[in-house]
Amino acid sequence: MESEEEFTDSYNQKLKELEEKNAQLLNARVDEFAQAVQEVEKKFMNTTGSPVCQDLQDKVFRCYTDNHKKTLLCSADVRAFFECVERARANALMRKG
């Protein structure tokens, strides 16, 4: 039969081994996660493009600023901006597709 000291030493050794294995697994997962983040950023974040419909966006902003208590007066400008953005989005998708 093992003595209490031998049992404690054995337990501590196994605990240390498990902690080391856990640290290795954690490091592997951290590396995998970092790689996945890089892939997502490469795929989605690095697309650069010029602003679309800037003139209409400015018009909407000015309208909201001038009519901050009557924002419904800006609905025609907002609709024009929205339609412009939708056209730009559709054109971009057609180019990629």
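These values consider heavy atoms only, across backbone and side chains, with no hydrogens, waters or symmetry-generated copies. Computed from a predicted structure; not experimentally measured.
Once rounded to the nearest 0.5 Å, the distance linking CG of Asp55 with CZ of Phe81 reads 9.5 Å. The CD atom of Glu32 lies 11.0 Å from the CG atom of Asn27; values are rounded to the nearest 0.5 Å. Rounding to the nearest 0.5 Å gives a distance of 6.5 Å between SG of Cys53 and CZ of Arg87. Put simply, CZ on Phe61 and CD on Gln54 are 11.5 Å apart, with the number rounded to the nearest 0.5 Å. Taken to the nearest 0.5 Å, the CG atom of Leu26 stands 12.5 Å off from the CD atom of Glu19.
Scanning both residues, Cys74 and Tyr64, for their nearest heavy atoms gives SG-N, 3.6 Å. The heavy-atom pair separating Leu56 from Cys84 by the smallest distance is CD1-CB, 3.6 Å. For the pair Asp77 and Val60, the tightest heavy-atom approach, listed with the atom from each and the gap, is O-CG2, 3.4 Å.
Under the 4.0 Å criterion applied to side-chain N and carboxylate O atoms, Lys14 and Glu17 are not assigned as salt-bridge partners. A salt bridge is absent between Lys42 and Glu39; no separation between the charged side-chain nitrogens and carboxylate oxygens falls under 4.0 Å.
Side-chain contact check for Phe82 versus Glu86: some heavy-atom pair is nearer than 4.5 Å.
A donor-acceptor contact shorter than 3.5 Å is absent between the side chain of Thr71 and the backbone of His68. Panel note: side chain Asn12, backbone Thr8; a donor-acceptor pair is recorded below 3.5 Å. Remark: side-chain polar atoms of Glu6 are paired, donor with acceptor, to backbone N or O of Ser3 under 3.5 angstrom.
In this structure, a donor-acceptor pair under 3.5 Å is absent between the side chains of Gln24 and Glu20. No donor-acceptor contact under 3.5 angstrom links the side chains of Gln35 and Asp31, judged on distance only.
Open room surrounds CD on Glu4; 12 or fewer heavy atoms of other groups in view lie less than 6.0 Å from it.
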